[in-house]
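Excluded from the calculations below are hydrogen atoms, water molecules and symmetry mates; all remaining heavy atoms, backbone and side chain alike, are included. Here is the naming used below: chain letters follow the sequence lines, and residue numbers restart at 1 for every chain.
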Amino acid sequence: MTDSSRKDVAYDPKAIELAWQDRWAHTGAARARGEGEPFYLLEMFPYPSGRIHMGHVRNYTIGDVLARFHAARGRKVLHPMGWDAFGLPAEQAAIKRGVPPAKWTRENIDTMREQLRRMGFSYDWDRELATCEPDYYRWEQLFFVRMLERDLAYRKSARVNWCDECGTVLANEQVDGDECWRGHSPVRQRELDQWFLRITRYADELLSGLDGLDGWPEKVVTMQRNWIGRSTGVEVDFELCEYEGSLTVFTTRADTLFGSTFVSLAVEHPLARELASRGGDEAAVLEFIERIARQTPEERAQGKEGVFTGCHAVNPINGSQVPVYLANFVLMEYGTGAVMAVPAHDQRDFEFAERYQIPVVRVIGPADGAELPEVLTEAFTDDGVLHDSDAFSGKTSADAREAIAKELTRGGKGRQVVNYRLRDWGISRQRYWGAPIPVVYCDACGVVPVPEDELPVVLPTEVTLLEGGGSPLPQLEDFVNVDCPRCSAPARRETDTMDTFVESSWYFLRYTRPDLADAPFDPAALAEWLPVTQYIGGVEHAVLHLLYSRFFTRVLRDLGWLELDEPFARLLTQGMVIKDGAKMSKSKGNVVDPDELVQRYGADTARLFSMFAAPPEKDLDWSERGVEGAYRFIARVWRLAVADPRCGSAGWEDPGDRSDGSDRSDGQTPPAADRALRSMTHETIARVTHDIGDRMHFNTAVAAIMELVNEIYRGRESGESAGEAAVDCAVATVLRLLAPFVPHIAAEAWERRIGEPALEDVPWPDHDPSALVKDSVEIAVQINGKVRARVTVAADADREAVAAAALSEERVIAELSGREPRKTVVGPCRLVNIVV
RNA sequence: GCCGGGGUGGCGGAACUGGUAGACGCAGGGGACUUAAAAUCCCCUGGCCCUUGCGGCCGUGCGGGUUCGAUUCCCGCCCCCGGCACCA
């Protein structure tokens with residue numbers, strides 16, 4: 001081989017990858033095409049923060065492998081990409097660098113689009129969208145106006161989560177404990193006027209819909225179920241003694257009602273102050289209210305504390321008068337803000353009763369008849385059997401709950417209710433870089449939605465951001481001062497913008513016709529593509545984006561735009577990319593820049609490593625050595641496929657079963673080697689197809705291809721090589737199976753080795769089941785469950801023959817040494833167990 | 001506390017509905033090629049035992065059980081990760 005030809009054959013990832021990316025861009029290779037069954041493959045779109053990171057590489061490689069795989073299998077694949085382009089970092093960057101958020105965002109998009117192209121991802125860029133474009137968010141403003149009409153959007157004053165760092169309100173889903181989900185800065189409660197979306201109206205549907213999401217990870221379903229937090233119980237009315245009126249409590253344990261010895265209220269309860277003025281130590285009660293109201297949830301959790309209001313309430317089930325307390329552990333946000341307290345059967349009430357010497361009355365005993373201790377040291381909270389409960393004594397807890405609820409309902413003293421933990425979605429953000437909320441405030445008319453023909457309300461982009469970090473919108477006279485759409489009097493525009501999670505709640509619908517100018521969606525396009533066949537993204541969105549999108553889908557359905565309940569049929573949540581035991585992050589200084597990786601090894605190596613190192617749902621441990629291993633394998637494939645003197649004339653099609661020795665190109669190779677390699681080739685096709693298509697375990701798919709490559713190499717060395725046609729087919733199969741993972745080298749090697757037809761025009765291989773059938777199989781022979789020998793028998797041997805072969809094996813006879821087998825079990829595949 | 005997911009070599013990870021545990025890769029060892037090194041190609045590599053023979057014992061978090069046979073199923077624990085949590 002001359003120097004020049006050696007150079008030609010060397011694996012040069014950069015040259016190969018750039019050339020193919022260019023070709024694909026020109027041929028529009030990634031556009032949805034064909035007559036196949038539609039397959040909508042979607043990865044969560046990125047926030048254009050500046051540069052892509054390894055998490056993106058992993059997420060989008062998984063998506064690209066699936067997109068290319070299913071396209072090769074004849075599906076019509078929609079694989080779009082866009083930008084979740086509104087958000088706070090753009091504002092922070094603007095203040096820091098003096099660049100307008102719009103400009104900063106567009107530049108980032110340009111950079112990142114280029115990076116994604118360089119990875120070889122097969123996106124249909126014709127469908128690209130960015131949520132910060134008026135052509136996009138105008139539809140969202142329309143949705144908002146329609147939601148307003150249906151009372152699905154409303155404005156109220158409420159205690160909300162405020163993050164000083166972000167300078168805005170956050171939704172409940174966006175608070176982790178008492179920290180902001182974005183940067184762990186503290187969140188405190190503030191009373192503010194805010195816009196809310198009535199997600200609670202869909203609580204039951206969102207919950208029951210989870211049952212049909214078979215293609216979702218159990219983990220995410222559970223997280224949403226927990227988040228929605230449905231509980232069934234009864235509301236019970238307690239007449240007040242010192243006050244005209246009654247108090248309603250919520251309980252899931254109506255069976256314990258006879259054991260209630262006090263009632264406790266949240267300090268925020270509307271009656272709290274009122275009751276204090278009727279007989280109690282008003283000053284002490286007011287002091288308690290003030291003090292607890294100021295505390296954070298964490299401080300409140302320090303210990304049970306309360307104060308007697310001086311008032312009493314009547315238990316409707318037995319007429320007993322019980323004291324009414326204010327208690328720090330009762331939450332106004334849940335239930336009715338009032339609780340019937342049963343110290344014997346509720347641990348919180350028990351602790352409270354101990355502290356304030358309130359009687360503990362037992363009404364439930366263990367179902368198995370066991371005795372509870374003479375003096376309780378903790379509440380007995382299990383279900384059991386009632387006693388001291390009048391007519392209900394002797395009933396089980398479950399029966400009693402029903403019966404008591406019925407009794408209360410009959411007397412008009414209670415009713416069965418369902419409670420949710422889920423709260424309405426607060427979407428107002430006191431930020432600039434977001435979609436304007438399309439309403440106007442008029443002194444005469446109040447809140448007036450912007451008329452639909454005046455949409456969009458365009459966000460001004462020529463702005464100077466304020467040094468303090470606040471939104472400049474309230475200062476923009478041109479933006480704020482408008483005529484009331486209803487009465488034409490001077491009015492003021494809303495200056496809050498929408499939560500960016502609103503944009504991401506419907507972007508996947510818009511991809512089906514992003515160019516549509518006079519409507520948000522084309523019904524035919526929606527019908528073709530939705531629901532998303534396979535969605536891929538991080539688990540951190542389990543109760544954020546993934547819950548909001550399910551909600552939004554139902555809202556848009558009820559507004560008449562969609563005929564769809566669930567947006568995502570299947571969901572894959574990929575794990576994080578970890579290095580040195582921690583998630584890659586700038587603050588930890590353990591980031592690996594994808595660009596560097598691509599520079600050094602090429603995109604194919606980056607893609608292969610991220611698919612091979614771990615199954616997709618698990619965290620991926622970054623390993624430089626592992627990356628090198630991936631590169632070595634690719635180069636090994638290159639040498640196998642390209643550094644062959646016959647390159648350009650080699651075949652690729654399956655020569656079929658030629659065990660009779662006919663039609664052999666060399667006429668020498670033993671048919672057994674041929675058959676063995678062909679068998680392994682087809683077995684690899686079967687494994688890889690199953691691993692990618694059914695299991696989405698890409699690591700084992702790659703491993704299977706590696707085994708085939710190893711086998712081809714071994715055959716070359718051993719001198720027992722299969723015939724040329726079988727080897728050619730095996731090598732070509734390696735390239736076909738590898739193409740979704742490493743599309744550039746696969747295409748290049750294919751072109752050099754085979755030429756026509758081009759790899760992209762060759763469909764995914766089908767395995768030939770008959771090729772997997774072997775003449776003989778090796779059977780493991782166990783004696784008492786331990787492998788003692790192996791015998792080879794004909795593949796079609798029946799159980800008796802297999803057992804006989806095993807029992808006549810030399811080693812088995814020696815091992816048995818005359819002992820009589822008590823039992824011989826022939827397993828369904830390749831195993832015999834002899835018991836003595 | 002409740003819910004979900006896990007615990008397999010030095011490491012990342014394989015093992016389909018119970019059927020030869022450790023595929024594949026990394027790291028390590030040996031060999032071939034080379035003046036030499038790198039690269040490449042081949043072989044070995046769970047632990048402990050008598051080197052003695054294609055050998056024996058132990059081994060999938062721990063303890064039991066079911067089974068001819070258990071990483072896999074059942075019961076009881078321990079530990080790790082994630083979610084929810086004074087939710088009445």
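When distances are taken from the side chain of A:F250 to each of B:A88, B:A15, B:G12, the shortest belongs to B:A88. Of the listed nucleotides (B:G4, B:A15, B:A88), B:G4 has the atom at the smallest distance from the side chain of A:E218. Comparing B:C87, B:C42, B:C41 against the side chain of A:R639 picks out B:C41 as the nearest. Across B:C42, B:U40, B:G19, the shortest atom-to-atom separation from the side chain of A:V825 is found for B:G19. Distance from the side chain of A:P615 is smallest to B:A14 among B:G4, B:A14, B:C24. Residue A:T700 places its side chain closer to B:A14 than to any other of B:A88, B:C84, B:A14. The A:M706 side chain lies nearest to B:G25 when the options are B:A14, B:G25, B:A88. Set against B:A88, B:G25, B:C43, the side chain of A:S231 has B:A88 as its closest nucleotide. Considering only the side chain of A:Q782, B:G19 comes nearest among B:G82, B:A23, B:G19. For A:N833, the listed nucleotide lying nearest its side chain is B:G19; candidates were B:G12, B:A88, B:G19.
Figure legend. B:C2 is base-paired to B:G83; pairs are counted as Watson-Crick or G-U wobble with both atom distances under 3.5 Å. In this structure, B:C26 forms a base pair with B:G10, meeting either the Watson-Crick or the G-U wobble geometry with both donor-acceptor distances under 3.5 Å. Base pairing of B:C73 is made with B:G65, judged by Watson-Crick or G-U wobble geometry with both donor-acceptor distances under 3.5 Å. Nucleotide B:C41 forms a Watson-Crick or G-U wobble pair with B:G31, both donor-acceptor distances falling under 3.5 Å.
Looking at heavy-atom distances under 4.0 Å, A:N419 makes no contact with the nucleic acid at all. A:E617 comes within 4.0 angstrom of nothing in the nucleic acid, heavy atoms only. Within the 4.0 angstrom heavy-atom criterion, base atoms lie near A:R348. Within the 4.0 angstrom heavy-atom criterion, no nucleotide atom of any strand lies near A:V249. Using a 4.0 Å heavy-atom criterion, one finds that A:P217 contacts no nucleic acid atom at all. Within 4.0 Å (heavy atoms only), A:G335 reaches no atom of the nucleic acid at all. Residue contacts shown for A:R225 are absent, as no nucleic acid heavy atom lies under 4.0 Å away. Here A:G303 lies in heavy-atom contact (under 4.0 Å) with a base. Residue contacts shown for A:S623 are absent, as no nucleic acid heavy atom lies under 4.0 Å away. Nucleic acid contact class of A:A301 (heavy atoms, under 4.0 Å, all strands): base.
With both ends at atom P, the span from B:C87 to B:C80 equals 24 Å, rounded to whole Å. Rounded to whole Å, the C1' atom of B:G13 lies 26 Å from the corresponding atom of B:G30. A gap of 23 Å separates the C1' atoms of B:C44 and B:U34, to the nearest Å. B:G64 and B:G10: their C1' atoms are spaced 32 Å apart (whole Å). Spacing between B:C2 and B:C57 at atom C1', rounded to whole Å, works out to 45 Å. Taking the C1' atoms as reference points, B:C42 lies 27 Å from B:G47, given to the whole Å. Between the C1' atoms of B:C68 and B:C3, the separation comes to 38 Å (whole Å). Atom name P, nucleotides B:U66 and B:C74: the rounded distance is 15 Å, in whole Å.
Look at A:R636 and you'll find a side-chain N or O under 4.0 angstrom from OP1 or OP2 of B:C42. Using a 4.0 Å cut-off, no side-chain N or O of A:R253 falls inside it from OP1 or OP2 of B:A88. For the pair A:R632 and B:A27, the criterion of a side-chain N or O lying under 4.0 Å from OP1 or OP2 is met. The phosphate of B:A23 (OP1 or OP2) has no side-chain N or O of A:R687 nearer than 4.0 angstrom. OP1 and OP2 of B:A23 both lie 4.0 Å or more from every side-chain N or O belonging to A:N699.
Remark on RNA chain B: of its neighbouring residues A:V175 and A:D346, the 5'-side contact belongs to A:V175, judged by nearest-heavy-atom nucleotide. Checking A:V826 against A:R625, the closest nucleotide of RNA chain B that is more toward the 5' end is the one next to A:V826.
Contact check on A:R687 versus A:E707 returns a salt bridge, with a Lys/Arg side-chain nitrogen under 4.0 Å from an Asp/Glu carboxylate oxygen. Taking 4.0 Å as the cut-off between side-chain N and carboxylate O, A:R225 and A:D211 count as a salt-bridged pair. Salt bridge absent: A:E351 and A:R348 never bring a charged side-chain N and a carboxylate O closer than 4.0 Å.
For A:D349 and B:A88, the CG to P distance is 12 Å, given to the nearest whole Å. Taking atom CD of residue A:E351 and atom C1' of nucleotide B:A88, one finds them 14 Å apart after rounding to whole Å. Across the protein-nucleic acid pair, A:K618 atom NZ and B:C11 atom P stand 13 Å apart, rounded to whole Å. What separates CD of A:E628 from C1' of B:U40 is a distance of 16 Å, to the nearest Å. Spacing between atom NE2 of A:H690 and atom C1' of B:A14 amounts to 15 Å, rounded to whole angstrom units. Regarding A:Y713, its OH atom lies at a distance of 10 Å from the P atom of B:U40, rounded to whole Å. Distance CZ (A:F633) to P (B:C41): 11 Å, rounded to an integer number of Å. To the nearest angstrom, C1' of B:C87 lies 8 Å from CZ of A:R421.
Classified by interplanar angle (parallel below 30°, tilted 30° to 60°, perpendicular above 60°), the ring pair A:Y356/A:Y325 is tilted. The aromatic rings of A:Y11 and A:Y631 sit tilted relative to each other, their planes meeting at an angle between 30° and 60°.
Nearest heavy atom pair, residue A:A803 against residue A:T824, reads CB-CG2, 4.1 Å. The shortest non-hydrogen separation linking A:L326 to A:F352 is O-CZ, 4.1 Å.
Shown here, B:G4 is classed anti by the O4'-C1'-N9-C4 or O4'-C1'-N1-C2 angle, which is more than 90° from 0.
Side-chain contact, A:T200 with A:D424: a donor N or O sits under 3.5 Å from an acceptor N or O.
Side-chain contact between A:R600 and A:V627 is absent, with no heavy-atom pair separated by less than 4.5 Å.
When atom types are taken as modelled, the side chain of A:T248 and the backbone of A:D237 share no donor-acceptor pair closer than 3.5 angstrom.
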